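Values reported hereafter were calculated over all heavy atoms of this structure, with side chains retained and with hydrogens, waters and symmetry mates removed. Being a predicted model, the structure only gives us computed values, none of them experimental.
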Amino acid sequence: PHNRWAFQNMSQLFPTATVGRGGGVASDFTRRPQDLGAVALTRLDGSQATVDEVLAETYSDGFLLLHRGAIVMERYFNGMTAETRHLAQSVSKSLIGCLAGILIGRGLIDPERPLEHYLPALARSGYAGAAVWHPLDMRSGVRFTEDYSDPKAEFVYLDMAAGWKARSRPEAPATIHGLLRALEQARPHGGAIQYRSVESDVVAWVCEAVTGLPLQRLLSEEIWSHVGAERDAYFSKGFLLKLAELQGKGTIQFDQHVSVLFNSNYVMVSPRFFIYVPDDPEPVLHVQIDVIRETDDEGVYCTVVSVDDAD
């Protein structure tokens, strides 16, 4: 129960950076409300339940269902409201991926370049020798265990560096950049996909390095000010935003360019980033977006799921 309150009130607990909405007109969401709480579902174990039962059992704070561009169901629990800026957790990685794609499209980042070209501070770390596309695909060889139930996992150091946990270990780096510099290599770069939050931290650092701008300003200028957001968002080891402002994320069009739909407004992202095959014996295409539309003749990599072809 404590983290449920905390995830709705992050700005009261930790320092946050403002991601400005800009001066554009806010999007107005179409709503066609329906009472779908009694709709029957089948759980993974084969048992039956209703939508309402699943939401209660999973400790959901908010639920929004979008159908053909309109919100048809919107529910809030545990004190959350439509105006609450809830922590988006790892959905934030999608925004970092979009930002990287924009900068790749402008030629500011080359995915084949070694990370230390952009971040000399990593030249003696476990990231030495890794190309930019390795953390983009979460395929670097650094040792980092993301096991939230293991108190000895490296992920604990990330929480300490971000200020989410007390630095109870004297060897714990004081900053996220310090943690990235301290990570060691455990396997060759370019191996199997392994989900690790620090990979997105590396990508965000590269974006800051090539532009000379802080992450919150980049997200504001390149994404948030173009998507019709009603209010400023905040960042604190993750995006803090209203649930409805998340509803448009994930619709992608592939034609002469690539565009990502946020609340009926498009953010242009480099096609080279979304349809990018590294010089690798077993390439994957990488898109750090939760929902995608495949092209006719190319496979797509979505977060940590790879699809070989459009069929």
Colleague: Hey, is Lys237 close enough to Asp159 for a salt bridge, meaning N to O under 4.0 Å?
Modeller: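 Yes, this pair counts.
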
Colleague: Could you go through Arg31 and Glu74, starting from their C-alpha distance and side-chain angles, then the distance that decides it, and tell me whether this counts as salt bridge (Lys or Arg N to Asp or Glu O under 4.0 Å)?
Modeller: CA-CA 9 Å; Arg31 285 178 166 82; Glu74 189 174 7; 3.2 Å; yes

Colleague: Could you walk me through whether Leu183 and Ser125 satisfy the side-chain contact (heavy atoms from CB on, under 4.5 Å) test, starting with their C-alpha distance in whole Å, then the side-chain angles of each, then the deciding distance to 0.1 Å, before giving a yes or no?
Modeller: CA-CA 6 Å; Leu183 292 177; Ser125 73; 5.9 Å; no

Colleague: Is there a donor-acceptor pair closer than 3.5 Å between any side-chain N or O of Ser92 and the backbone N or O of Phe239?
Modeller: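 Such a contact is found between Ser92 side chain and Phe239 backbone.
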
Colleague: If the threshold is 4.0 Å, N to carboxylate O, is there a salt bridge linking Arg75 and Asp35?
Modeller: yes

Colleague: Pair Phe7, Gln89 - check side-chain contact (heavy atoms from CB on, under 4.5 Å), show working.
Modeller: CA-CA 9 Å; Phe7 292 161; Gln89 293 285 37; 3.4 Å; yes

Colleague: Verify side-chain contact (heavy atoms from CB on, under 4.5 Å) between His86 and Met80, making sure each step is shown before the conclusion.
Modeller: CA-CA 8 Å; His86 198 288; Met80 184 174 174; 3.6 Å; yes

Colleague: Say whether, by atom type as modelled, one donor and one acceptor occur between the side chain of Arg217 and the main chain of Thr18 under 3.5 angstrom.
Modeller: no

Colleague: Determine whether Glu146 and Arg196 satisfy the following criterion, salt bridge (Lys or Arg N to Asp or Glu O under 4.0 Å), listing intermediate values before the conclusion.
Modeller: CA-CA 6 Å; Glu146 190 136 347; Arg196 292 160 297 178; over 6 Å; no

Colleague: Tell me whether the rings of Tyr127 and His189 are parallel (<30°), tilted (30 to 60°) or perpendicular (>60°).
Modeller: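 Aromatic pair Tyr127/His189 classed parallel.
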
Colleague: Please assess Trp224 against Phe235 for the test ring-ring contact (aromatic ring centres under 6.0 Å, His included), listing each intermediate value before the final yes or no.
Modeller: CA-CA 12 Å; Trp224 205 240; Phe235 210 92; over 10 Å; no

Colleague: When you check the gap from the basic side-chain N to the acidic O, do Glu230 and Lys242 get nearer than 4.0 Å?
Modeller: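 Lys242 and Glu230: salt-bridged.
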
Colleague: Angle between ring planes, Phe155 versus Tyr148, binned at 30° and 60°: parallel, tilted or perpendicular?
Modeller: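 Judged by the thresholds at 30° and 60°, the geometry between Phe155 and Tyr148 is perpendicular.
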
Colleague: From Ile193 CD1 over to Asp137 CG, what is the distance, rounded to the nearest 0.5 angstrom?
Modeller: 6.5 Å

Colleague: Do any N or O atoms from the side chain of Gln34 and from the backbone of Leu36 form a donor-acceptor pair under 3.5 angstrom?
Modeller: no

Colleague: With the threshold set at 4.0 Å, does a side-chain nitrogen-carboxylate oxygen contact exist between Glu222 and Arg106?
Modeller: yes

Colleague: I'd like to know if Glu199 pairs up with Arg139 as an ion pair, taking the criterion as any Lys NZ or Arg NE/NH1/NH2 lying under 4.0 Å from an Asp or Glu carboxylate oxygen.
Modeller: no

Colleague: Can you confirm whether Ile96 sits close enough to Leu215 that some side-chain heavy atom of one is under 4.5 Å from a side-chain heavy atom of the other?
Modeller: yes

Colleague: Is NZ or CZ of Arg4 both nearer than 6.0 Å to the six-membered ring centre of Tyr59 and within 45° of the ring axis?
Modeller: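 No, Arg4 and Tyr59 do not form such a contact.
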
Colleague: What is the distance from atom CG of Leu41 to atom CD of Gln48, rounded to the nearest 0.5 Å?
Modeller: 8.5 Å

Colleague: Counting only heavy atoms not in Glu184, do more than 12 fall under 6.0 Å of its CD?
Modeller: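 It does not: Glu184 CD has 12 such atoms or fewer within range.
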
Colleague: Using 4.0 Å as the upper bound for N to carboxylate O, is an ion pair formed by Glu57 and Arg43?
Modeller: yes

Colleague: I would like to know whether Gln216 and Val19 meet side-chain contact (heavy atoms from CB on, under 4.5 Å); could you show each step before the answer?
Modeller: CA-CA 5 Å; Gln216 66 269 22; Val19 180; 4.1 Å; yes

Colleague: Give a yes or no on whether Met73 and Leu66 share a hydrophobic cluster (residues Ile, Leu, Val, Met, Phe, Trp, Tyr; joining criterion: side-chain heavy atoms under 4.5 Å apart).
Modeller: no

